[in-house]
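Just so you know, these numbers come straight off a predicted model, no measurement behind them. These numbers come from the heavy atoms of this one structure, side chains and all, not from hydrogens, waters or symmetry mates. In this chain, residues are counted from 1 in sequence order.
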Amino acid sequence: QVQLVESGGGLVQAGGSLRLSCTASGSIFRIGNMAWYRQAPGKQRELVATITSGAITNYIDSVKGRFTIFRDNAKKMVYLQMNSLKPEDTAVYYCNADAGVFGTFTLTNYWGQGIQVTVSS
């Protein structure tokens, strides 16, 4: 099995920055696409940013120019650098990854437990 653990969340004032990290562990032989999602109170979970194994990135419009997703394949980590944060960025942020474990030949989708990001006005 694969575990995804997020870190780096917290409380920040509007205009500030945070960097989220997500570490994958387990008997991993390959990690494919990785992503960050978020879910604000009373709202559906939404995809924030994605990055392929070849480092191709994509973002939702509301974070373009402010957030950057990047990964370190050797460390099995994905990051989300969040700048110019706004109160509407307040949410629980989830790490997501497609990963394969030794002994299998397919990738399975995994989720982290989520981490709170709160932006005060």
Working to the nearest 0.5 angstrom, can you tell me the gap between [X] [atom1] and [Y] [atom2]?
X: Leu85; Y: Asn83; atom1: CG; atom2: CG; result: 7.5 Å
X: Thr108; Y: Asp98; atom1: OG1; atom2: CG; result: 8.5 Å
X: Trp36; Y: Glu46; atom1: CH2; atom2: CD; result: 14.5 Å

- Of Arg38, Met82, Glu6, Gln81, which meets side-chain contact (heavy atoms from CB on, under 4.5 Å) against Leu20?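 By the side-chain contact (heavy atoms from CB on, under 4.5 Å) criterion, Leu20 pairs with just one of Arg38, Met82, Glu6, Gln81: Met82.
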
Which atom names give the shortest non-hydrogen contact between [X] and [Y], and what distance separates them?
X: Tyr79; Y: Ser21; value: CD2-OG, 3.3 Å
X: Ile115; Y: Gly8; value: CD1-N, 3.6 Å
X: Tyr37; Y: Val48; value: C-CG2, 3.9 Å
X: Ala14; Y: Ser121; value: CB-CA, 4.3 Å
X: Cys22; Y: Leu4; value: SG-CB, 3.9 Å

Quick one, [X] and [Y] - any side-chain contact, counting heavy atoms below 4.5 Å?
X: Ser25; Y: Lys76; result: no
X: Tyr110; Y: Ile28; result: no
X: Arg71; Y: Ser53; result: yes
X: Tyr59; Y: Ile69; result: yes
X: Thr23; Y: Lys75; result: no
X: Phe67; Y: Asp89; result: yes
X: Lys86; Y: Arg66; result: yes
X: Leu18; Y: Val117; result: yes

- Item | Between Thr118 and Gln116: side-chain donor-acceptor atoms closer than 3.5 Å | yes

- Can a donor-acceptor pair be found between the side chains of Asn33 and Thr52 at a distance below 3.5 Å? no

- Query: Quick one: do Ile60 and Tyr93 end up in the same hydrophobic cluster if we chain Ile, Leu, Val, Met, Phe, Trp and Tyr together by side-chain heavy atoms under 4.5 Å apart?
  - Reply: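 In one cluster with Ile60: Tyr93, yes.
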
- Can Leu47 be reached from Val63 by stepping across I, L, V, M, F, W or Y side chains whose heavy atoms are under 4.5 Å apart?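 The answer is no; the residues belong to distinct hydrophobic clusters.
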
- CA sep, side-chain torsions, deciding dist, call: Asn109, Asn96, side-chain contact (heavy atoms from CB on, under 4.5 Å): CA-CA 7 Å; Asn109 190 254; Asn96 180 273; 2.9 Å; yes

- Classify the angle between the aromatic ring planes of Tyr94 and Trp111 as parallel (below 30°), tilted (30 to 60°) or perpendicular (above 60°). perpendicular

Do any N or O atoms from the side chain of [X] and from the backbone of [Y] form a donor-acceptor pair under 3.5 angstrom?
X: Asp72; Y: Val78; value: no
X: Arg45; Y: Ala40; value: no
X: Thr50; Y: Thr57; value: no

- Check against side-chain contact (heavy atoms from CB on, under 4.5 Å), Gln1 and Val101: CA-CA 7 Å; Gln1 290 297 319; Val101 299; 5.8 Å; no

